[in-house]
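Throughout, protein chains are lettered first and strands after them, A, B, ... in sequence-line order, and every chain is numbered starting at 1. Because the structure is predicted, anything quoted here is derived from the model rather than measured.
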2 protein chains.
Amino acid sequence: MTTYNFCAGPAMLPTEVMLQAQEELINWHGRGCSIMEMSHRGKEFMAVAAKAEQDLRDLMQVPSNYKVLFMHGGGRGQFSAVPLNLMQPGKKADYIVSGAWSKAAAEEAVKFGGINTQQIQLKTDGVRSLTAEKDWQLDPQASFVHFCPNETVDGLEFTGVPDTQVPLVADLSSTILSRPLDVSRYGVIYAGAQKNIGPSGLTLVIVREDLLPKADANIPAILDYRLAAENDSMFNTPPTYAWYLAGLVFEWLKRQGGVAAMGQINQRKADTLYNYLDQSDFYRNDVAAANRSWMNVPFFLADDRLNDLFIAESEAAGLLALKGHRMVGGMRASLYNAMPLEGVQTLVTFMQEFERVHG
Amino acid sequence: MTTYNFCAGPAMLPTEVMLQAQEELINWHGRGCSIMEMSHRGKEFMAVAAKAEQDLRDLMQVPSNYKVLFMHGGGRGQFSAVPLNLMQPGKKADYIVSGAWSKAAAEEAVKFGGINTQQIQLKTDGVRSLTAEKDWQLDPQASFVHFCPNETVDGLEFTGVPDTQVPLVADLSSTILSRPLDVSRYGVIYAGAQKNIGPSGLTLVIVREDLLPKADANIPAILDYRLAAENDSMFNTPPTYAWYLAGLVFEWLKRQGGVAAMGQINQRKADTLYNYLDQSDFYRNDVAAANRSWMNVPFFLADDRLNDLFIAESEAAGLLALKGHRMVGGMRASLYNAMPLEGVQTLVTFMQEFERVHG
């Protein structure tokens, strides 16, 4: 049976990538061992690492004055790393709170400096939306502005970029590589790998060189952007297997036509599901159209006594991990790059049939 | 051709483990997706995680008043985490420097508190050795004593444990699970996974509960022992695939007879190589017999002009990654748990033949 995995993360990886990984798992390129059993400083892994970085640079058109870092610690690690690396003495940082993840980032940042938080998620007549970035109150003296363009738990997103001279820091964990983006507008972009990049345990950081911390900053070494940049992300042993898999995903993205092509298909996937939800009285999504996430679609059954049955029957039909986040309830379908359009169409067909039987 | 991989890390994993991982990579236990594509909070991965912890507890006989944590960031991450979690106000910490890694740990620790360092590696008549732990000068008021029982780069080790009431912190990255060890003698044991446990990117920490930091300590979340302990190592998304592979390695170790059996075979492997080195004038190891590492055996050719040829011919013979660390030169054979005795015997046979032809 063909299965489609809607997990919010760790999420599905492209089938082609997984088949290639399986084929070369125990004997990488005829070398007699796995890539995960090789020294990170050997010529084989160094080549894998360099190609992954270059492919990412190509895909995102990363300007040459930005470093690309492959780090440990997930998005949560960056919740600490961002203020540790970027907070300036005597200045505060602006934290835009649009949902669960940006709230968690702000809670971590207060350990390392003063911050201003700004709540931008609204609920009006049962519809959730976000304050547009032109209406954010920003401190022109802030060390940086932190925001999270796509909220994985809440299912809200925005694609705008605030107009400010202060460095912008974006948590792109759940939306990186899902469509084109102008890297030059940002000071730091970071993303835990386990949604659109690869397996958990790897974190991608793209940082403008002038924002690297001073050499004598007392930052834990594994969170220090300067140390990572000066050592090609190998000040310590990186998560090599995750890095290798990320490289396979980047190659796959290039074969799909890059992020512009992914943006078109991701929009189509999202439209397919939202259009169906909107014409149904049996299901509903409560996010304003302009702020609906392409990546994470929470939805609810009008009769939540049917939730367990929906989960059981969808799993039996090969539609995996549709249960909503514990903070939100209901259902959630995550539609990252690796999810094909057919997966969304199969989900909608299942939902139609479930509605026909139980509606 | 059968290959044997002597890499110091990321190191070889047991062949049985790699074959099992390959078989279930894309369809774990018939669930239609990979274990790396599953939520860390789903029942499937939670069961994998719990079993891995229990198997480790069984193997090491971890007392019930110790937490076992699966963390991000490698051994380097712990170089920061140890002082951040354990340093007491107004007290210093003792750092025993036996080689490259304990030196690096001390260099990181000074960012987070006062330390005393003690150099214990000696060189007498060209022979390197370590000061016995009974002769260490220890501060009875120290927050903790940090030491590294096996130095991967230097090829030196000791199995003694100093007699002190101060919490002992041991970096066991390259020797954990290689023989029996009394966990109750230690306050904290930590190990990067990529030598005796699994792939890089995962770090194992075993910490006595009374040493967990206060709840209001401003420690970066991914390095905070209390947060990890209170959230079963899932305060953030853990490196799930590495955790799963570690679990397969623990199951394999149980099938081998546990750490007592591994200790016997590891001693035999080390004896096989050192005995050969000692009777040869063509090769040499310069560590005193009492301080020779079972895990990492550096050795030198009397004529170092033959080094490149030795590397080329050994690789052609399927004996991989024997080149010495860049700080030491020469050769290094790492003999972690996954290296079978036949691998060492094959290496010695190759060395005999190389000596016969070039000696």
Side-chain angles (χ1 to χ4, degrees), chain A residues 1-3 5 7-13 15 18-19 21-22 25-26 31-34 36-42 45 72-77 79-81 84 108 111-112 192 194 198-202 218-223 235-242 245 318 320-321 326 338, chain B residues 1-3 5 7-13 15 18-19 21-22 25-26 31-34 36-42 45 72-77 79-81 84 108 111-112 192 194 198-202 218-223 235-242 245 318 320-321 326 338:
Chain A
M1 179 173 65
T2 302
T3 58
N5 177 2
C7 189
M12 73 175 289
L13 294 169
T15 303
M18 294 303 290
L19 288 169
Q22 184 177 43
L25 181 64
I26 62 171
R31 302 305 168 94
C33 65
S34 176
M36 78 171 74
E37 298 170 308
M38 290 182 175
S39 171
H40 54 298
R41 298 191 192 282
F45 185 77
H72 293 260
R76 286 263 187 201
F79 292 178
S80 316
L84 283 165
E108 178 73 8
K111 296 179 182 172
F112 310 109
Q194 67 271 21
S200 61
L202 175 70
N218 274 348
I219 301 169
I222 63 159
L223 299 177
F235 184 69
N236 73 337
T237 311
T240 56
Y241 193 65
L245 282 174
L320 310 180
R326 64 193 188 285
Chain B
M1 179 173 66
T2 302
T3 59
N5 177 2
C7 189
M12 74 174 289
L13 293 169
T15 303
M18 294 303 289
L19 289 169
Q22 184 177 43
L25 181 64
I26 62 171
R31 302 305 168 95
C33 65
S34 175
M36 78 171 74
E37 298 171 307
M38 289 183 174
S39 171
H40 53 299
R41 298 191 191 281
F45 185 77
H72 294 260
R76 285 264 186 201
F79 292 179
S80 316
L84 283 165
E108 178 73 8
K111 296 178 182 173
F112 309 110
Q194 68 270 20
S200 61
L202 175 71
N218 274 347
I219 301 170
I222 63 160
L223 299 177
F235 184 69
N236 73 337
T237 311
T240 56
Y241 193 64
L245 282 173
L320 309 180
R326 64 194 187 286

Does any heavy atom of chain B fall under 4.5 Å from the side chain of [X], the backbone, both, or neither of them?
{"X": "A:Arg31", "value": "backbone"}
{"X": "A:Ala11", "value": "backbone"}
{"X": "A:Ser80", "value": "side chain"}
{"X": "A:Ile219", "value": "backbone"}
{"X": "A:Phe45", "value": "neither"}
{"X": "A:Ala338", "value": "neither"}
{"X": "A:Met38", "value": "backbone"}
{"X": "A:Leu13", "value": "both"}
{"X": "A:Gln22", "value": "both"}

Ignoring hydrogens, what is the shortest heavy-atom contact between [X] and [Y]? Give both atom names and the distance.
{"X": "B:Ser34", "Y": "A:Met18", "value": "CB-CE, 3.5 Å"}
{"X": "A:Met36", "Y": "B:Tyr241", "value": "CE-CE2, 4.3 Å"}
{"X": "B:Cys7", "Y": "B:Pro10", "value": "SG-O, 3.2 Å"}

Just so I understand: if I count every heavy-atom pair under 4.5 Å between each of [options] and chain A, which residue has the most?
{"options": "B:Gly73, B:Gly9, B:Gly77", "answer": "B:Gly73"}
{"options": "B:Gly32, B:Pro220, B:Cys33, B:Pro199", "answer": "B:Pro220"}
{"options": "B:Ser200, B:Gly42, B:Pro239, B:Gly201", "answer": "B:Ser200"}
{"options": "B:Thr2, B:Ile222, B:Thr3, B:Asn218", "answer": "B:Asn218"}
{"options": "B:Ser39, B:Gly318, B:Gly75, B:Gly74", "answer": "B:Ser39"}

B:Thr237 backbone acceptor or donor facing A:Gln194 side chain under 3.5 Å
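No; judged by distance alone, with no hydrogens or angles, the pair does not exist.
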Sidechain-backbone polar pair: B:Asn5 side chain, A:Glu37 backbone, donor-acceptor under 3.5 Å
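A pair under 3.5 Å: yes.
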Residue among A:Leu19, A:Leu320, A:Leu25, A:Leu84 with most heavy-atom pairs under 4.5 Å to chain B:
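Top count of heavy-atom pairs under 4.5 Å with chain B: A:Leu25.
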Hey, which of A:Asn236, A:Leu202, A:Leu223, A:Leu245 has the most heavy atom pairs under 4.5 Å with chain B?
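Max contact count across the listed options: A:Asn236.
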For the residue pair A:Arg41 and B:Arg326, establish whether any side-chain heavy-atom pair is separated by less than 4.5 Å.
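Side chain of A:Arg41 against side chain of B:Arg326, heavy atoms only: contact under 4.5 Å found.
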Residue B:Ala21 versus chain A: region with a heavy atom under 4.5 Å:
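Backbone plus side chain of B:Ala21, per the 4.5 Å heavy-atom cut-off to chain A.
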